[in-house]
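Some notes on the structure that comes next.
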Amino acid sequence: MYNTKEIEKKWQKYWQDHQTFAAKTGDKKEKYYLLVEFPYPSGTGLHVGHARSYTALDTVARLKRMEGYNVLFPMGWDAFGAPAEQYAIKNHIHPKEAVKENIKTFKKQIESLGISFDWNREFATTDPEYYKWTQWQFLKFYEHKMAYKAKKNINWCPTCKTGLSNEDSAGGVCERCGSKVVQKEKEQWMLKMSDYAEDLLKGLDDTNFNKRVKLGQINWIGRSEGAEIDFEIENAKEKLKVYTTRPDTIFGATFMVIAPEHPILEKLKNKITNIDEIKKYQEYAKTKTEFERTELAKEKTGVKVEGIKAINPFTNKEIQVWISDYVMMNYGTGAIMAVPAHDDRDYEFATKFNIPIIKVIEGDTLPYIGEGKYINSGFLNGITKKEEAIQKMLEEIENRKIGNKKVNYRLQDWIFSRQRFWGEPIPLVYCEKCGWQPVPEKDLPVLLPDVANYEPTEDGESPLANIDEWVNTTCPKCGGKAKRETDTMPNWAGSSWYFLRYMDPKNDKEFVSKEALDYWGKVDWYDGGMEHTARHLLYARFWNQFLYNIGLVPNKEPINIRVSHGMILGSDGEKMSKSKGNVVNPNEVVEEFGADALRLYEMFIGDYEKDAAWSTNSLKGCKRFLDRVWNNGEKLNDKKGYTNESLVHKTIKKVTNDIKTMKFNTAISTLMILQNDYDDKESITKDELRVLVHLLNPFAPHITEEINEKYNLGKPLCESAWPKYDEEKTIDNTYELVFQVNGKVRGKETVNVDTSKEDMESLARQNPNVQKFTEGKEIIKVIAIPGKLVNIVVK
RNA sequence: GCUUGUGUGGCGGAAUUGGUAGACGCGCACGACUCAAAAUCGUGUGGCUUUAGCCGUGUGGGUUCGAUUCCCACCACGAGCACCA
C-alpha cells in the first residue's frame with residue numbers, strides 16, 4: 001500500500017522547495033485573493049474546525065492556481081488577547097514568549113495538513129513591525145478627529161479590581177472570582193464609527209456577501225426612520241426632545257419616560273420635588289449590570305418625576321414624566337413619548353403604574369400594534385394607512401417647528417480602549433501644558449515594555465500604568481514632562497486591516513505600498529466563523545472605509561464575497577469541549593488516517609455553511625475511497641483517452657462548478673462515482689487515472705501527486721493546467737424516457753435525445769404497463785416533455 | 001419577543017427555471033476469502049405487501065397533468081439580536 005506520512009512529508013517539502021504557493025505582486029497573471037480568518041494561537045492547538053475552513057479555501061486556491069491565476073492565500077496570527085496575558089501573569093513570563101510557542105505549534109499543525117498558504121507573508125499582530133502600522137493608522141483616526149475620549153461604563157470586578165469584557169462577566173459575575181460585577185465609569189478612547197452608519201449600510205450593495213451575512217450587518221447597524229419632537233415642560237424653559245418612529249400616534253402619548261442618566265434631571269433639580277427618590281433610582285440603575293438589565297428586569301421599574309409636567313403638543317394636555325431604565329441614554333435622545341395603547345413596553349409600564357391609556361388606532365386588544373383607522377387623533381382621524389398618517393404628522397410637526405424627521409442608528413461609536421497589558425499601546429502622550437499629543441511617526445512603534453511581572457492596578461488602569469519608566473516620557477511638542485496613554489487597543493484593532501498587510505507584509509516604509517494595494521485590490525473571497533460575521537466584519541469595513549476616505553486605499557469596500565462556515569461538532573452533536581470529552585484532535589487523525597483523508601472527509605461531511613457532527617466511520621469511508629484511487633495504478637493499460645467520455649467530461653464540469661460554489665460534498669461524491677466506474681472496468685487508461693487524480697488533487701493534494709508521479713502520468717499536478725471539459729461531450733445521445741399515467745411512473749424506455757413529441761407519445765401508448773392503466777379509460781390530455789417524460793391523464 | 005434559517009431512510013446528506021425522491025458515503029444483513037477474526041471484495045438495503053402494486057420529503061390545506069421544490073396556516077428545532085422607542 002502506501003505510507004501517508006512519507007508521502008505527505010515528501011510533497012510538502014517539494015512545495016516548499018519550489019515555492020509553489022508564493023504569490024507574486026505585480027504578476028501578469030490575473031490575481032485572486034483568498035482569505036481565511038487568521039486564528040488566535042491558543043494553547044490548546046488546532047481544532048478540526050480550523051481544518052475545515054482552511055481546507056475549503058485551500059481547495060479553491062489550488063483549483064484557481066491550476067486555472068492560471070496568481071493566487072494570494074496568506075496566513076498569520078491574531079495574537080494579542082486576554083488568554084496569553086493571563087497565562088503570562090500566572091507564570092511570570094512575557095506574553096510574547098507564550099505566543100511564540102503557540103504559533104510554533106499551530107504552524108506545524110497547519111503545515112501537516114498541506115494547506116497551500118504562502119508562508120512568506122506570515123506575520124502576527126503582536127509583531128512590532130506590524131503593530132507599528134496599527135498605531136500609525138490609529139493616529140490617522142486621531143488626526144482626522146475620528147478618535148476622541150469619552151466617559152463610558154465598563155464592567156468592573158471590585159474584587160479583582162479589573163475591567164472585564166462582556167464575555168468575562170457573563171451572568172453578572174466575574175468569571176475569575178465569582179464576585180458581582182458592577183458598572184464603573186471610565187474615560188475611554190472612542191472611534192467615531194457612528195458617522196459611518198449610512199456608508200456601512202449602503203456599501204453592502206457593493207459586496208457579494210450572502211443574505212445571512214448582509215442581514216447580520218444590517219441588524220447591527222440598525223437603521224430606523226422617525227422624528228424628533230420637542231415637548232414643552234410646564235413652568236420651565238427646557239424642552240424635552242424625544243425620538244419616535246411612530247409620530248402618528250402622538251395623540252395617544254399620555255406620559256414621557258426619560259433615561260435615568262438624562263441631563264435634564266440635573267438642570268431641573270430645583271423644580272423636582274422628589275429629587276432624593278430620583279437619585280436613589282439613578283444609583284439603582286447604575287449598579288445593574290448588563291445581565292440584570294436584560295435577563296432579570298422582566299418587570300418594569302421606574303419613578304415618577306414629581307414637580308414637573310410635560311405638555312403633549314397635540315392634545316395640549318399635561319402629561320406625567322417618569323424615569324426608567326427601559327429607556328437608554330445612548331439611543332435616540334434618551335427620552336421617549338410613551339403611547340401605552342400601541343406599544344408593548346409602554347403598555348406594561350402604564351398598567352403597572354396606573355397611567356392613563358388612550359387609543360388612537362382602532363383595534364380589539366391592547367396594546368394594538370397593527371394598522372387601522374385613526375381615532376381620537378384630531379386631523380388624522382379617519383385615516384387608515386400608517387404611512388399616510390406618519391407623512392401627514394411629519395408635515396404638521398415641521399410646519400409648527402416643533403420637530404423634524406430623523407434617522408437613527410443602533411450602531412454606536414467603537415470603544416477603543418482596553419485596560420490591558422497585552423495589546424497595542426495607544427500612541428498618545430499627555431502633557432500638562434499641551435494636552436494630548438500624538439507620538440511622532442519616527443518614534444513608532446510605541447513598544448510594550450519587556451517586563452515579566454505586571455499586575456493589574458488597584459483602580460482599573462491598565463497594568464502599564466504601574467510601569468513608571470515606561471509611562472514617564474517627554475512631550476513631543478514642548479519637550480516637557482509627559483505621560484504615555486496606558487490603555488491599549490482592543491483585539492479587534494489588529495484584525496481590522498490585516499488583509500491589507502498581507503499584500504505587502506515586509507514593508508517598513510508604508511503600511512502597504514500603493515502598488516500592492518492597486519494590484520491585489522479587494523479580497524475576492526473571505527471565509528470565517530459565524531461569530532465574526534457581525535462585529536469583526538463591520539470593524540474591518542469601517543476601518544477600510546476610513547482609509548479610503550482619506551485616500552490611503554483604492555476600494556471603499558475591502559471584501560467581495562464573505563462566507564461563514566459551519567462548526568464541526570463532536571460525535572454527540574454537541575460543541576466540542578474538553579469537559580464533554582468529545583474533542584477530536586486533528587493531529588491524531590492525520591497520524592492514523594493521513595492528512596488527505598482528514599481533508600477529504602471534512603469537505604465531504606455536509607453543507608459547508610452548516611454545522612456538522614464528527615463521524616469517524618464516515619472518515620474511514622473517505623480513506624477507503626483514497627485507497628481505491630491508489631489501487632487504480634494496478635490496472636493501467638496501454639490505451640489512450642477515455643472509454644466513457646461523457647462520464648469524464650460531466651465529472652470535470654461538475655467538480656469544477658461545485659468547488660467554485662462551495663458544494664464540496666457533491667464534488668467529492670461525483671469523483672466517487674467516477675471511481676466506481678473505474679472499479680467496474682478490467683483496466684483503465686493513464687488518461688483516465690490522470691484526470692481523476694487531477695480533479696481530486698485540490699482535496700487530497702499529497703496522494704494524488706504521488707500517484708501521478710509513480711505511474712508517470714505527467715508533470716506534477718500543481719504545475720499543470722486544470723482539466724477542461726467539452727460541453728458537447730457532456731451531452732448524452734440517449735436518455736431514459738419516463739412514462740406516467742396520472743403522474744405515476746408506469747414505465748421507462750431508453751430513447752434518442754431527438755425523439756419527437758409525437759414519437760414519445762406513441763411509445764408511451766404502446767407500453768404494455770401504460771396500456772394496463774389506461775385501458776377502458778378516457779384519455780383527457782397527454783403531456784410530453786422532451787428529455788424528461790410523457791404523462792397521460794385519464795379519467 | 002423580534003429577525004432569520006432548517007425540517008427528506010437507522011445516520012451524514014443528494015435532487016428545486018415544478019418533471020423517475022433518497023445520488024454519494026456511513027451503518028446494517030447475507031455471501032466470498034480465512035482455522036478464525038480484521039481488512040478487502042460481491043450482493044442487498046425507505047416502509048408495507050410481494051409476478052404487480054400501495055404509502056412515503058415536519059403537520060394541515062391550496063395551485064397544477066405533475067409539488068421535497070410554488071402559495072397559505074401551523075408545529076418543532078437551531079442561530080443572531082435582545083426593553084433601540
Side-chain angles (χ1 to χ4, degrees), chain A residues 1 211-212 215-216 218-220 222-224 226-227 242-247 249 253 256-257 259 290 293-295 297-301 324-328 330-339 342-346 348-349 408-412 530-531 533-534 564 566-567 571 573 600-601 604-607 609-622 624-625 627-628 631 663 665-676 679 735-748 769 772-773 780-785 787-795:
Chain A
M1 213 46 184
K211 199 178 152 202
R212 104 172 145 160
L215 274 169
I218 290 166
N219 288 341
W220 202 275
R223 184 183 201 272
S224 76
V242 302
Y243 174 72
T244 179
T245 54
R246 294 297 304 272
T249 62
M256 309 192 70
V257 187
E290 206 160 308
R293 279 178 89 133
T294 55
E295 293 292 318
K298 281 182 185 123
E299 182 123 342
K300 296 265 181 296
T301 59
S324 172
D325 64 359
Y326 84 91
V327 174
M328 310 290 152
N330 57 14
Y331 185 78
T333 60
I336 63 161
M337 62 173 215
V339 184
H342 306 291
D343 181 278
D344 289 323
R345 296 149 302 178
D346 299 345
E348 195 191 324
F349 197 84
N408 257 322
Y409 303 91
R410 294 164 71 162
L411 187 69
Q412 307 279 310
M530 201 52 216
E531 69 277 19
T533 46
S564 301
M567 271 189 300
S571 53
L600 193 69
Y601 168 60
F604 188 61
I605 196 166
D607 185 335
E609 297 199 82
K610 285 191 198 143
D611 292 352
W614 183 266
S615 158
T616 302
N617 275 329
S618 269
L619 167 71
K620 283 180 189 165
C622 290
R624 261 201 288 271
F625 167 66
D627 292 347
R628 288 195 288 147
N631 291 336
K663 292 160 113 187
N665 53 341
T666 48
I668 294 167
S669 70
T670 305
L671 290 169
M672 287 171 168
I673 291 169
L674 186 63
Q675 176 60 47
N676 287 346
D679 279 341
Y735 68 96
E736 198 167 53
L737 177 64
V738 170
F739 304 132
Q740 294 184 337
V741 178
N742 285 349
K744 291 196 166 147
V745 180
R746 298 301 178 193
K748 293 169 192 180
N769 202 40
K772 199 174 126 189
F773 282 90
I780 297 170
K781 204 174 179 181
V782 180
I783 296 123
I785 312 287
K788 300 276 183 190
L789 52 76
V790 177
N791 188 14
I792 300 173
V793 186
V794 298
K795 200 160 69 177

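Here the structure is a predicted model, which means the values were calculated and not measured. Letters A, B, ... are given to chains in the order of the sequence lines, protein chains preceding strands, and every chain is numbered from 1.
- Within 4.0 Å of A/Ile673, counting heavy atoms only, lie sugar-phosphate atoms of the nucleic acid but no base atom.
- The minimum heavy-atom distance between A/Lys663 and A/Thr666, with the atom names listed, is O-OG1, 3.0 Å.
- In this structure, of B/A85, B/G27, B/A14, it is B/A14 that holds the atom nearest to the side chain of A/Thr666.
- Base pairing analysis places B/C24 opposite B/G12; the two distances defining the Watson-Crick or G-U wobble pair are each below 3.5 Å.
- To the nearest angstrom, P of B/A21 lies 7 Å from CD of A/Gln740.
- Atom name P, nucleotides B/G58 and B/G10: the rounded distance is 14 Å, in whole Å.
- Among the protein residues, A/Gly216 comes within range of no part of the nucleic acid, since none of its heavy atoms lies under 4.0 Å from any strand.
- With A/Ser571 contributing its side chain and A/Trp614 its backbone, the two residues share no donor-acceptor pair below 3.5 Å.
- Closest to the A/Asn676 side chain, of the nucleotides B/G25, B/A85, B/A14, is B/G25.
- Computed from coordinates, the A/Asn665 CG to B/G25 C1' distance equals 11 Å when rounded to whole Å.
- Rounding to the nearest 0.5 angstrom, the gap separating the NZ atom in A/Lys748 from the CG atom in A/Leu737 is 11.0 Å.
- B/G31 and B/U57: their C1' atoms are spaced 34 Å apart (whole Å).
- Taking the P atom of each, B/A23 and B/U8 are spaced 16 Å apart, rounded to whole Å.
- Nearest nucleotide to the A/Glu736 side chain, out of B/A85, B/U20, B/G19: B/U20.
- Phosphate proximity of B/C55 to A/Lys744: present, with a side-chain N or O under 4.0 Å from OP1 or OP2.
- For A/Asn791 and B/U20, the CG to C1' distance is 12 Å, given to the nearest whole Å.
- With distances taken from any side-chain atom of A/Phe604 to the nucleotides B/C41, B/U6, B/G12, the minimum falls on B/G12.
- In this structure, NZ of A/Lys620 is placed 19 Å from C1' of B/C24, rounded to the nearest angstrom.
- Checking A/Arg410 against A/Asn219 by side-chain atom types alone, no donor-acceptor pair falls below 3.5 Å.
- The separation between A/Phe739 atom CZ and B/U20 atom C1' is 12 Å, rounded to whole Å.
- Across the C1' atoms, B/G62 and B/G18 are found 15 Å apart, a figure rounded to whole Å.
- Of the listed nucleotides (B/C81, B/G13, B/A85), B/A85 has the atom at the smallest distance from the side chain of A/Thr244.
- A/Lys795 comes within 4.0 angstrom of nothing in the nucleic acid, heavy atoms only.
- Within 4.0 Å of A/Leu215, counting heavy atoms only, lie sugar-phosphate atoms of the nucleic acid but no base atom.
- When all heavy atoms of A/Val794 and A/Ile780 are compared, the closest pair comes out as C-CD1, 4.2 Å.
- Across all strands shown, B/G18 forms no Watson-Crick or G-U wobble pair with both key distances under 3.5 Å.
- Taking atom P in both B/U69 and B/G61, one finds a spacing of 15 Å when rounded to whole Å.
- Relative to the side chain of A/Lys772, the nucleotides B/U6, B/U20, B/A52 differ in distance, and B/A52 lies closest.
- Counting only heavy atoms from C-beta on, A/Arg628 has its side chain closest to B/C41 among B/A85, B/C41, B/G19.
- B/G46 and B/G42 are spaced 23 Å apart, taking the C1' atom of each and rounding to whole Å.
- Using a 4.0 Å heavy-atom criterion, one finds that A/Arg223 contacts no nucleic acid atom at all.
- At B/A85, one or more side-chain N or O atoms of A/Tyr331 fall inside 4.0 Å of OP1 or OP2 (strictly under the cut-off).
- The partner of B/U57 is absent, by the rule that a Watson-Crick or G-U pair needs both atom distances under 3.5 Å.
- A/Thr533 OG1 to A/Trp220 CH2: the interatomic distance, rounded to the nearest 0.5 Å, is 9.5 Å.
- The base-pairing partner of B/C81, taking Watson-Crick or G-U wobble contacts with both distances under 3.5 Å, is B/G1.
- As a whole-Å value, the separation of A/Asn330 CG from B/A82 C1' is 14 Å.
- A/Met530 places none of its side-chain heavy atoms less than 4.5 Å from the side chain of A/Met567.
- At a threshold of 4.0 angstrom between heavy atoms, the contacts of A/Ile785 include nucleobase atoms, whether or not backbone atoms are also involved.
- Distance CD1 (A/Ile668) to C1' (B/G12): 13 Å, rounded to an integer number of Å.
- Considering only side-chain atoms of A/Arg410, the nucleotide from B/A82, B/U4, B/G27 that sits closest is B/A82.
- In this structure B/U69 sits in no base pair that meets the Watson-Crick or G-U test at under 3.5 Å.
- Taking the syn range as angles within 90° of 0, the glycosidic angle of B/G60 is outside it, so the base is anti.
- The side chain of A/Arg624 approaches B/C26 more closely than any other nucleotide in the set B/A21, B/C24, B/C26.
- Distances shown here put a side-chain N or O of A/Lys663 below 4.0 Å from the OP1 or OP2 atom of B/A15.
- Between A/Asn219 and the phosphate of B/C81, there is no side-chain N or O to OP1/OP2 separation shorter than 4.0 Å.
- The separation of B/C65 from B/U20, taken at their C1' atoms, amounts to 16 Å, rounded to a whole angstrom.
- At least one test fails for A/Lys300 against the ring of A/Phe349: distance under 6.0 Å to the centre or angle within 45° of the axis.
- Pairing for B/U63 is absent, with no Watson-Crick or G-U wobble pair whose two atom distances lie under 3.5 Å.
- A donor and an acceptor atom, one from each side chain of A/Thr616 and A/Tyr601, are nowhere located under 3.5 Å apart.
- Both A/Ser669 and A/Gly606 sit near RNA chain B, but only A/Gly606 has its closest nucleotide nearer the 5' end.
- Rounding to the nearest 0.5 angstrom, the gap separating the CD1 atom in A/Ile783 from the CD1 atom in A/Ile792 is 10.0 Å.
- At the phosphate of B/G5, OP1 or OP2 sits under 4.0 Å from a side-chain N or O atom of A/Lys211.
- Rounding to whole angstrom units, CD1 of residue A/Ile218 and C1' of B/G80 are separated by 14 Å.
- The partner of B/U40 is B/A32, judged by Watson-Crick or G-U wobble contacts that both fall below 3.5 Å.
- Checking A/Lys781 against A/Asn769, the closest nucleotide of RNA chain B that is more toward the 5' end is the one next to A/Asn769.
- Rounded to whole Å, the separation between the P atoms of B/G66 and B/G56 comes to 15 Å.
- Closest to the side chain of A/Met672, out of B/G53, B/U20, B/G25, is B/G25.
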